Chemist: 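The structure's right below; bear with me while I get my questions together.
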2 protein chains.
Amino acid sequence: MASRVKDDETWTIREIAQEFDVTHRTVRHYEELGLISPERHGTSRIYRRRDKTRLNLILRGKRLGFPLEEIRTIIDLYETPRGRRSQLEYVLGQIGERRTDLEQRRRDLDAALGELDRFEESCRADLDRLR
Amino acid sequence: MASRVKDDETWTIREIAQEFDVTHRTVRHYEELGLISPERHGTSRIYRRRDKTRLNLILRGKRLGFPLEEIRTIIDLYETPRGRRSQLEYVLGQIGERRTDLEQRRRDLDAALGELDRFEESCRADLDRLR
DNA sequence: CTTGACGTTGACGTAAACGTAAAGCAATAC
DNA sequence: GTATTGCTTTACGTTTACGTCAACGTCAAG
């Protein structure tokens with residue numbers, strides 16, 4: 001059964017920038033750092049589905065506060081060859097570190113949300129008292 | 001009934017820096033930005049419980065990826081006078097914005113952790129196949 | 001064929017978050 | 001006394017993550 005997905009869709013840097021709501025300078029900056037590497041048609045950059053996936057990962061990483069260099073190592077991690085046993089074990093180790101980091105963030109996040117809740121209740125109580 | 005807590009404990013900048021595992025330069029930088037404002041004994045800085053609380057908030061904000069300026073507005077928010085009704089309503093509005101932001105982060109975080117889980121399973125499957 | 005839209009590569013500027021001396025006061029240690 | 005330790009300010013340096021020109025190539029439209 002042949003694949004039905006047409007993966008030949010391409011986009012220009014302007015289209016990509018608009019879709020992700022960043023400037024083309026930003027897109028090129030990510031390329032300079034090796035976070036994406038679009039094809040070239042002559043001198044122009046051509047972006048494919050795969051590049052969009054990477055951009056989504058990058059922007060989410062940014063929203064989470066990761067530096068771009070770290071984001072690059074994470075993305076690379078997802079694409080390192082996993083042929084040899086030693087490589088797999090290395091990747092699994094890295095996954096562990098990532099998880100530890102993310103779980104710390106979730107604890108911080110929960111704490112912040114909890115305090116926010118308590119603070120809101122306290123404010124609402126003050127407001128009621130003013131009625 | 002008198003308060004039993006002794007709130008006269010104080011620390012020097014070096015002690016504070018060590019306890020929070022940052023440099024004294026960092027602590028002073030936060031002071032320059034108005035995130036903390038320790039007392040002065042002559043020329044020296046004196047840190048109290050309240051400053052520690054703020055530092056905890058700052059560092060958690062940093063782990064969550066917030067810029068220091070935004071952290072300052074958050075901390076200030078927790079300390080704005082809430083006497084007048086308009087002030088309370090402003091604060092409640094800010095709380096809402098904060099919550100929206102934090103909840104977006106949690107979605108990002110959950111997505112990242114989910115992908116990490118799936119990636120780990122895929123790696124473990126590869127590893128089993130190598131046995 | 002020139003204009004305009006869109007693409008390209010430098011290269012320099014900037015804001016944030018500190019790092020890193022440099023140079024000086026102030027109290028305790030010997 | 002002086003020497004060391006700890007704190008201070010002043011001030012320039014650095015890294016990250018882009019912004020902002022400048023100067024040029026290219027292709028379809030008028």
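All chains are named by letter (A, B, ...) in the order of the sequence lines, taking the proteins before the strands, and each is independently numbered beginning at 1. None of these values were measured; they are calculated from a predicted model.
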Chemist: Sequence neighbours left out, what pairs pass salt bridge (Lys or Arg N to Asp or Glu O under 4.0 Å) with at least one residue falling in residues 110-120 of chain A?
Modeler: A/D110-B/R106, A/E115-B/R60, A/D117-B/R99, A/E120-A/R124, A/E120-B/R99

Chemist: Would one find more than 12 heavy atoms of other residues, nucleotides or ligands at under 6.0 Å from atom CD of A/E79?
Modeler: yes

Chemist: Take nucleotides 16-23 of chain C nucleotide by nucleotide from the 5' end and write B, S or -, depending on whether a protein heavy atom sits under 4.0 Å from the base, only from the sugar-phosphate, or from neither.
Modeler: -BBBB---

Chemist: Which heavy atom of B/H24 sits nearest to which heavy atom of B/A17, and what is that distance?
Modeler: N-CB, 3.8 Å

Chemist: Please give me the minimum heavy-atom distance between A/I74 and A/R98, naming the atom from each residue.
Modeler: CD1-NH1, 3.5 Å

Chemist: Does B/Y90 OH have over 12 foreign heavy atoms under 6.0 Å away?
Modeler: no

Chemist: Any Lys/Arg nitrogen of A/E15 or A/K52 sitting under 4.0 Å from an Asp/Glu carboxylate oxygen of the other?
Modeler: no

Chemist: Can you pull out the residues from residues 38-48 of chain A that lie within a 4.0 Å heavy-atom distance of DNA chain C?
Modeler: A/R40, A/T43, A/S44, A/R45

Chemist: Measure from CD1 on B/I13 to C1' on D/dT9 and round the result to the nearest Å.
Modeler: 12 Å

Chemist: Would you call A/R49-A/E9 a salt bridge at under 4.0 Å N-O?
Modeler: yes

Chemist: Please check if any side-chain donor atom of B/R82 sits under 3.5 Å from a side-chain acceptor atom of A/S122, or the reverse.
Modeler: yes

Chemist: Just the table, please: protein N/O against nucleotides 4-6 of chain D N/O, every pair under 3.5 Å.
Modeler:
none

Chemist: Take atom CH2 of A/W11 and atom P of C/dG7, then tell me their distance rounded to the nearest Å.
Modeler: 15 Å

Chemist: Compare every heavy atom of A/R85 with every heavy atom of B/L127, then report the nearest pair and how far apart it is.
Modeler: CD1-CG, 4.1 Å

Chemist: If you compare all heavy atoms of B/V27 against all heavy atoms of B/I36, which two are closest, and at what distance to 0.1 Å?
Modeler: O-CD1, 3.7 Å

Chemist: Could I get the full list of side-chain contact (heavy atoms from CB on, under 4.5 Å) partners for B/Q87, not counting sequence neighbours?
Modeler: B/P81, B/R84

Chemist: Any ion pair linking A/R48 and A/E39 (charged N to carboxylate O, less than 4.0 Å)?
Modeler: yes

Chemist: How far apart are the closest heavy atoms of A/I71 and A/G61, and which atoms are they?
Modeler: CD1-C, 3.7 Å

Chemist: How bent is the helix from C/dC1-D/dG30 to C/dC30-D/dG1, comparing axes over its five end pairs at each side, to the nearest 10°?
Modeler: 20°

